[in-house]
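The analysis underlying the following values was restricted to heavy atoms, covering all of them including side chains, and did not include hydrogens, waters or symmetry mates. The model shown is predicted, which means the values in this text are computed figures rather than measured ones. Along the sequence shown, residues carry numbers from 1.
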Amino acid sequence: MVRRTIEKNGVDGLNDWGKIYLYFGCGDSKDFLYKEEWPEYTNELHGKFIMRTAFSRWPPYKPDGGKIYVQDLMLEDRATISEAILTGEAYVYVCGDGKSMSKGVEDVFMKVLGEARGGSAEKEGAVELKLLKEIEVFDRCLELDLLFFSFFP
């Protein structure tokens, strides 16, 4: 969505948007879609666009030697993500393999939202995620086995 808006309207087309967080994950950096374009957006949008990537088959790894996934990055950024979603002042996008990431990403969203509401993923997090889905702020689109989650104000 961000890429399409920039292509259609230029960087100025995002002037009224809040911060944009993109989490991109895949097994190998060779599958990194549009990898030459993302750094340009970071520069052109002057700090408004923040991208985090996880390539599970490549270093860096966790201190215990385990792989790093998008879900791990999202948990590191839990305060930022929950504020962005609950205040509606930013956009959060997650992109990766729909077959293997979908459940894990939804679980992280429930955990992050549940904690932000002072509760648990199972109770408050599930309620928040359900509410976001009902008011169509949460958009989930599976195409060609790629997963795109987005939260937008």
Side-chain angles (χ1 to χ4, degrees), residues 1-4 6 17-134 137-153:
M1 183 170 180
V2 173
R3 187 172 175 272
R4 184 178 57 217
I6 292 173
W17 287 38
K19 284 199 171 190
I20 303 158
Y21 299 93
L22 173 62
Y23 293 86
F24 180 91
C26 61
D28 195 312
S29 61
K30 71 178 175 115
D31 298 323
F32 189 8
L33 300 172
Y34 314 113
K35 67 181 167 186
E36 293 82 23
E37 294 177 34
W38 299 120
E40 293 173 27
Y41 298 152
T42 301
N43 293 331
E44 291 174 2
L45 294 170
H46 308 290
K48 186 182 263 193
F49 177 76
I50 296 99
M51 181 173 196
R52 305 253 350 243
T53 57
F55 303 108
S56 60
R57 293 188 198 113
W58 293 90
Y61 297 112
K62 294 179 186 177
D64 67 1
K67 297 175 180 181
I68 295 178
Y69 297 100
V70 162
Q71 296 90 316
D72 299 310
L73 301 178
M74 293 170 65
L75 286 171
E76 286 176 13
D77 297 345
R78 63 173 38 104
T80 302
I81 289 173
S82 62
E83 182 179 352
I85 294 168
L86 296 174
T87 63
E89 295 178 359
Y91 297 77
V92 179
Y93 296 93
V94 181
C95 179
D97 180 349
K99 285 191 270 187
S100 58
M101 277 178 61
S102 181
K103 174 85 170 86
V105 168
E106 279 201 18
D107 289 348
V108 168
F109 277 126
M110 287 192 306
K111 179 176 180 60
V112 165
L113 294 170
E115 288 175 358
R117 290 293 191 208
S120 69
E122 296 78 17
K123 191 171 183 182
E124 290 80 4
V127 168
E128 286 295 329
L129 192 62
K130 183 177 186 250
L131 176 64
L132 291 169
K133 287 179 178 181
E134 286 173 359
V137 170
F138 179 88
D139 178 34
R140 183 169 182 252
C141 173
L142 286 170
E143 293 179 19
L144 303 174
D145 294 327
L146 289 177
L147 169 70
F148 298 94
F149 280 97
S150 60
F151 287 93
F152 45 90

Worksheet entry | The single option from Val70, Asp31, Leu33 passing side chain to side chain contact (heavy atoms under 4.5 Å, CB included) against Cys26 | Asp31
Item to complete: Over all heavy atoms of both residues, which pair between Gly27 and Ser56 is shortest? Give the atoms and the distance, please.
Response: CA-OG, 3.4 Å
Worksheet item: If every non-hydrogen atom of Gly119 is compared with every non-hydrogen atom of Glu124, which pair is closest and at what distance?
Response: CA-OE1, 3.2 Å
Worksheet entry | Straight-line distance of Leu45 CG to Trp17 CH2, nearest 0.5 Å | 10.0 Å
Worksheet item: Under 30°, 30 to 60°, or over 60°: which ring-plane class applies to Phe49 and Tyr41, parallel, tilted or perpendicular?
Response: perpendicular
Worksheet item: More than 12 foreign heavy atoms under 6.0 Å from NZ of Lys35: is that the case here?
Response: yes
Worksheet item: So, for Pro60 and Ile68, which heavy atoms are closest and what is the spacing to 0.1 Å?
Response: O-CD1, 3.4 Å
Discussion item. Is it the case that atom NZ in Lys30 sees more than 12 heavy atoms from other parts of the structure closer than 6.0 Å?
Written reply: no
Worksheet item: CG/Asp28 to CZ/Arg57 distance, rounded to the nearest 0.5 angstrom?
Response: 6.5 Å
Worksheet item: Got a second to check how far Glu40's CD is from Tyr34's OH, nearest 0.5 Å?
Response: 14.0 Å
Worksheet item: Are side-chain heavy atoms of Tyr21 and Asp77 found at a separation under 4.5 Å?
Response: no
Response to the item:
Between the CD1 atom in Ile81 and the CG atom in Leu113, the distance rounded to the nearest 0.5 Å is 9.0 Å
Worksheet item: Which heavy atom in Arg78 sits nearest to a heavy atom in Lys111, and how many Å separate them?
Response: NH2-CE, 3.6 Å
Worksheet item: Do Phe24 and Trp38 come close enough that some side-chain heavy atom pair is under 4.5 Å?
Response: no
Discussion item. Is it true that, when you exclude Glu83 itself, more than 12 heavy atoms of the residues, nucleotides or ligands shown sit nearer than 6.0 Å to its CD?
Written reply: no
Worksheet item: Within the side chain of Asp72, is there an N or O that forms a donor-acceptor pair under 3.5 Å with the backbone of Tyr69?
Response: yes
Worksheet item: Side-chain contact, heavy-atom cut-off 4.5 Å: Val92 with Met74?
Response: no
Discussion item. Tell me whether the rings of Tyr91 and Tyr93 are parallel (<30°), tilted (30 to 60°) or perpendicular (>60°).
Written reply: parallel
Practice prompt. Heavy atoms only: give me the nearest Thr53-Leu73 pair and the separation to one decimal.
Written response: O-CD1, 3.3 Å
Discussion item. Looking at Asp107 and Lys103, is there a salt bridge between them, counting it only when a charged N and a carboxylate O are closer than 4.0 Å?
Written reply: yes
Fill in: Where Met101 and Gly96 come nearest, the two heavy atoms and their spacing
SD-CA, 3.4 Å
Discussion item. Between Glu128 and Phe109, is there a side-chain heavy-atom distance shorter than 4.5 Å?
Written reply: no
